[in-house]
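Here is the structure we will look at.
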Amino acid sequence: MVKHLSPAIKHLLTLRNPNVLPSPPVAKLNALFARTSQDAKLKNAETGWLVLATCALLTANRPASIGHLYRFVTRPNMNEPNSRVNVAHAVNKAALMRESALKTFIIQSYGTVLSPLPGGTRAFHDESGLIDSDQGNLSRALGSVVGIATLRAEGRVGPQLTSHTFGLLKARYLEGLSAEDAWLSSDEGTEWVLRTVDEILDVISSEDQEVEVEVKL
C-alpha cells in the first residue's frame, strides 16, 4: 500500500495552479447578489437569477461563493446569522441550486465543475436531504439559462453558447409558459441573462486581478 508521495511527485502536484480560486470577500459578494437579485426581482425573474448565478459561480470554480449564495437567498437579514426563512422556502432554493448544478455537469467539463460542488453542498446539505424527486425541475427556458450561464463563464465556446442562446429564444413558442419564462425567452430577457452573467463574472475576475497585483508587488 502506497502511503506517501515522493518529493518529485509532490512538487509536480504544486504546478499548473492546483489551488482553488479565491472567492471575493463576503461583503463584496453580498453587494453583488443584492444588486443583481434586486434587478431580477424588478423583472420578475428571480428564479432565472438564482439559476444563472449558481451556474456562473460553479463554472468559475469558486466553491465558497456557492455557500454564500445559498445563505444570501435563505436569510432575510445577512447581518443576523440566525435569521432564516422557513424550511419549505430553503428546500426550494436548495432544489433549484442542486438541479442547476447537475445540469452544469452535463454541459461543462467534469474537471472544472467537480471541485466546486462540495462548497455548495455543504451549505445546504440539510435541506437537500428533504428534497423530493419533483422539486427543482427546470423548465425548457431555465435549462437554456443553465447552458448560457455555464458556457459564458467557461469562455471560448462561441458556437455552443450561440446554440443555447437560440434555445432560450425558441422557448418563447412553447405552450403554457410561465410569465417569467416568457420574459426570459424574449430578446430583452435573453440579453439580461447574458449581461447579468457578465456582471457576476466581472466581479469575480476583478478579485483575481487584485490578488495578482498584490502578488507582483
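Please read these numbers as outputs of a predicted model, since none were measured by experiment.
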List the steps and the verdict of side-chain contact (heavy atoms from CB on, under 4.5 Å) for Leu15 and Leu12. CA-CA 5 Å; Leu15 306 178; Leu12 286 171; 4.1 Å; yes
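- Heavy atoms only, all atoms of each residue included: Leu168 and Ser144 are closest at N-OG, 3.4 Å.
- Environment of CG in Asn86: crowded, with over 12 heavy atoms of neighbouring residues, nucleotides or ligands closer than 6.0 Å.
- Counting heavy atoms from C-beta outward, Ser6 and Ile9 have side chains that approach closer than 4.5 Å.
- Thr150 approaches Cys55 most closely through the heavy-atom pair OG1-CB, 3.6 Å.
- Remark: Lys41 NZ to Thr36 OG1 distance equals 13.5 Å, nearest 0.5 Å.
- One finds no salt bridge joining Glu180 and Lys43 here, because no Lys/Arg side-chain nitrogen approaches an Asp/Glu carboxylate oxygen to under 4.0 Å.
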Worked check of side-chain contact (heavy atoms from CB on, under 4.5 Å) between Ile107 and His164: CA-CA 10 Å; Ile107 296 170; His164 281 276; 4.2 Å; yes
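- In terms of heavy-atom proximity, Leu138 sits nearest to Gly143 at CB-N, 4.4 Å.
- To the nearest 0.5 Å, atoms OG1 (Thr59) and CG (Leu151) are separated by 8.0 Å.
- Looking only at distances, no side-chain donor or acceptor of Thr190 sits under 3.5 Å from a matching main-chain atom of Asp187.
- Rounding to the nearest 0.5 Å gives a distance of 10.0 Å between CG of Leu29 and CZ of Arg62.
- Lys103 contributes atom NZ, which lies 10.5 Å from atom CZ of Arg98 (distance to the nearest 0.5 angstrom).
- Note that CG of Leu58 is 8.5 Å distant from OG of Ser100, once rounded to the nearest 0.5 Å.
- Put simply, the side chain of Leu21 does not reach to within 4.5 Å of the side chain of Ile204, judged on heavy atoms.
- Among all heavy-atom pairs drawn from Leu201 and Ala56, the shortest one is CD2-O, 4.2 Å.
- Looking at every heavy atom in both residues, Ser65 comes nearest to Phe33 through O-CZ, 4.1 Å.
- Side-chain atoms of Trp49 and Thr196 include no donor-acceptor pair closer than 3.5 Å.
- In terms of hydrophobic clustering, with Ile, Leu, Val, Met, Phe, Trp and Tyr side chains grouped at heavy-atom distances under 4.5 Å, Leu169 and Val197 are assigned to different clusters.
- Salt bridge absent: Arg195 and Asp202 never bring a charged side-chain N and a carboxylate O closer than 4.0 Å.
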Residues Met97, Ile66; criterion side-chain contact (heavy atoms from CB on, under 4.5 Å); working and verdict: CA-CA 9 Å; Met97 293 179 70; Ile66 297 299; 3.9 Å; yes
Check against side-chain contact (heavy atoms from CB on, under 4.5 Å), Ile200 and Leu52: CA-CA 10 Å; Ile200 292 171; Leu52 70 84; 3.8 Å; yes
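- Of the inter-residue distances, the one linking Arg156 atom CZ with Leu161 atom CG reads 14.0 Å to the nearest 0.5 angstrom.
- Annotation for Glu199 and Leu32: closest pair O-CD1, 4.1 Å, computed over non-hydrogen atoms.
- In summary, of the residues considered (Asp181, Leu177, Leu184), a side chain to side chain contact (heavy atoms under 4.5 Å, CB included) with Ser139 occurs for Asp181 alone.
- Between the side chain of Arg172 and the backbone N or O of Ser185 there is at least one donor-acceptor pair closer than 3.5 Å.
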